[in-house]
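The block underneath contains the structure these notes are about, expressed in structure tokens.
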Amino acid sequence: MICVFFFQCTIFVACLTLDQTRADENRDACVCCYKHKDYQPAECSQTDRLQQVFEKIVAPLLRMTAVKIAVAVFTAAFVGSNLYGTIMLARLTRQTPYHH
């Protein structure tokens with residue numbers, strides 16, 4: 001299992017390196033053999049919409065006391081549910097005879 005993880009990490013880094021090289025050479029993303037001469041990115045692609053959403057919506061929402069309590073309750077419920085499932089799984093494997 002760990003070998004698969006390391007293999008995926010190395011392939012991912014290699015693909016990122018190749019993509020960054022392609023972008024640095026002003027090559028097209030879909031047709032890599034085409035090289036842009038005077039490429040100017042669109043104005044709308046220069047704004048970070050995700051950061052704006054987090055700054056204007058998510059961060060103020062997470063600062064509210066009711067949301068903090070709800071997050072703590074849901075986290076405790078999920079941890080409790082997973083703990084119960086793990087205990088039940090351990091009990092079931094002890095009780096199951098392995099016959100062929």
Ring pair (Phe, Tyr, Trp, His ring centres under 6.0 Å) partners of residues 7-34, not counting sequence neighbours, each pair once: Y34-H36
Identify, with sequence neighbours excluded, every residue that meets side chain to side chain donor-acceptor pair (under 3.5 Å) alongside D19. R22
Side chain to side chain donor-acceptor pair (under 3.5 Å) partners for Q8, two or more places apart: none
The reported gap from CG in L16 to OG1 in T21 (rounded to nearest 0.5 angstrom) is 10.5 Å
Excluding sequence neighbours, so at least two apart, what forms salt bridge (charged side-chain N to carboxylate O under 4.0 Å, His left out) with D28? none
Shortest non-hydrogen contact between K68 and R63, atoms and distance: CE-O, 3.6 Å
What residues form a side chain to side chain donor-acceptor pair (under 3.5 Å) with E25, not counting sequence neighbours? R27
With sequence neighbours excluded, give me every salt bridge (Lys or Arg N to Asp or Glu O under 4.0 Å) pair touching residues 31-49. none
Which heavy-atom pair separates L62 from V67 by the least distance, and what is that distance? CD2-CG1, 3.9 Å
My understanding is that a hydrophobic cluster links ILVMFWY residues whose side chain heavy atoms are under 4.5 Å apart, including indirect links. Using that, what else belongs to the cluster containing F6? I2, F5
Residues sharing V73's hydrophobic cluster, by side-chain heavy-atom contacts under 4.5 Å among ILVMFWY, directly or via others? I69
Closest non-hydrogen atom pair, V71 against T75: O-OG1, 2.7 Å
Please list every donor-acceptor pair under 3.5 Å in which a side-chain atom of residues 53-60 meets a protein atom from a residue at least two apart or in another chain.
{"residue": "E55", "atom": "OE2", "partner": "Q51", "partner atom": "NE2", "Å": "2.9"}

